[in-house]
Amino acid sequence: MESFAGELSVALSSPVSTPAAPASSREDAFASIRRKPKDACHAVLLALEEAVSAAHGDPTPTMIFAGIMAALERSTRPSELLTLLSLALPQVATEVLRRKFDLVAEVLSKLVIGDDDQDDAVSKEQQQQRKKNKKKRRRDDDDDDDDPRKKK
């Protein structure tokens, strides 16, 4: 799979014919997150902006989008990233989204499938624990039957 992390500079440096959103709406894209400095999404947004700024200068919604997608490829708890993605997508140029559709679909599909696999694993683990508990209760009940103090 082509990686967003490896693609970040290439994808963002190529010319895009569809203009990005105006600066005023770009600033508004994450305004709801910026107003909540104690929120986990705020911390993730700041980290993304710092990483993009260090590598490419002033972060744009398209750069933030690429950073979110790169982070989603490696994330095990993507809820904050998905929140930021929902805010960034409307601000990203249509052509960029079209070019990266297959990669976006693949990353998001893996997240959905991964969640199902994780739920299945938890479910199996819970089933095994229930079986162990049931066996233990049976043994305890059998021990109680052998105990003369417990008999009436």
Side-chain angles (χ1 to χ4, degrees), residues 1-140:
M1 174 176 85
E2 188 179 358
S3 170
F4 268 98
E7 281 283 303
L8 183 61
S9 60
V10 174
L12 299 176
S13 63
S14 60
V16 176
S17 60
T18 308
S24 62
S25 64
R26 267 190 269 153
E27 293 169 13
D28 294 338
F30 302 107
S32 62
I33 301 298
R34 292 183 205 288
R35 286 191 295 263
K36 301 174 186 173
K38 293 183 181 180
D39 189 55
C41 285
H42 186 266
V44 173
L45 176 62
L46 288 179
L48 281 168
E49 288 178 333
E50 284 179 22
V52 169
S53 293
H56 302 286
D58 202 20
T60 66
T62 302
M63 291 178 179
I64 296 295
F65 161 74
I68 291 168
M69 294 308 301
L72 279 171
E73 286 181 312
R74 298 179 298 276
S75 179
T76 57
R77 302 196 60 171
S79 61
E80 291 85 8
L81 292 167
L82 292 173
T83 299
L84 294 174
L85 180 63
S86 71
L87 297 171
L89 280 175
Q91 305 301 317
V92 178
T94 305
E95 187 173 319
V96 172
L97 294 175
R98 284 188 181 134
R99 276 190 299 174
K100 297 300 175 187
F101 178 80
D102 290 340
L103 292 171
V104 172
E106 187 173 344
V107 169
L108 295 178
S109 295
K110 284 184 178 182
L111 288 173
V112 171
I113 292 168
D115 286 346
D116 287 346
D117 290 344
Q118 189 174 12
D119 290 344
D120 289 344
V122 169
S123 178
K124 287 178 184 176
E125 189 175 302
Q126 287 173 341
Q127 289 173 358
Q128 289 173 346
Q129 187 62 41
R130 285 182 189 140
K131 285 180 183 179
K132 286 180 184 177
N133 290 342
K134 194 173 184 179
K135 286 180 182 178
K136 186 177 185 301
R137 282 194 303 268
R138 283 185 186 154
R139 280 195 310 262
D140 291 344

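Please read all numbers here as calculations on a predicted model, not as lab measurements. Start at 1 with the first residue, then count along the sequence.
Interatomic distance, CD of E106 versus CG of D102, reported as 8.5 Å (0.5 Å rounding). Between atom CD of residue E49 and atom CG of residue L46 there is a gap of 6.0 Å, rounded to the nearest 0.5 Å. Atoms NE2 and CG, on H42 and L84 in that order, are 10.5 Å from each other to the nearest 0.5 Å. Between the CG atom of L81 and the CZ atom of R74 there is a distance of 9.5 Å, given to the nearest 0.5 Å. Rounded to the nearest 0.5 Å, atoms CG (L48) and CZ (F30) are 8.0 Å apart. Taking CG of L45 as the start and CG of D39 as the end, the distance is 10.5 Å to the nearest 0.5 Å.
Annotation for S86 and P90: closest pair O-CD, 3.3 Å, computed over non-hydrogen atoms. Minimum heavy-atom separation, A88 to I68: CB-CD1, 4.2 Å. Closest approach of E80 and A40 over heavy atoms only: OE2-CB, 3.5 Å. Taking each heavy atom of L87 and S32 in turn, the nearest pair found is CD1-OG, 4.1 Å. For the pair P78 and L72, the tightest heavy-atom approach, listed with the atom from each and the gap, is CB-CD2, 3.5 Å. Considering all non-hydrogen atoms of both residues, F65 and L89 come closest at CE1-CD2, 3.7 Å.
Using a 4.5 Å cut-off on side-chain heavy atoms (C-beta onward), D58 and S53 make no contact. Using a 4.5 Å heavy-atom cutoff, the side chains of L111 and L82 are in contact. Looking only at side-chain heavy atoms (C-beta outward), K110 and I113 stay at 4.5 Å or farther from each other. In this structure, L85 and M69 have side chains that are in contact, with non-hydrogen atoms separated by less than 4.5 Å.
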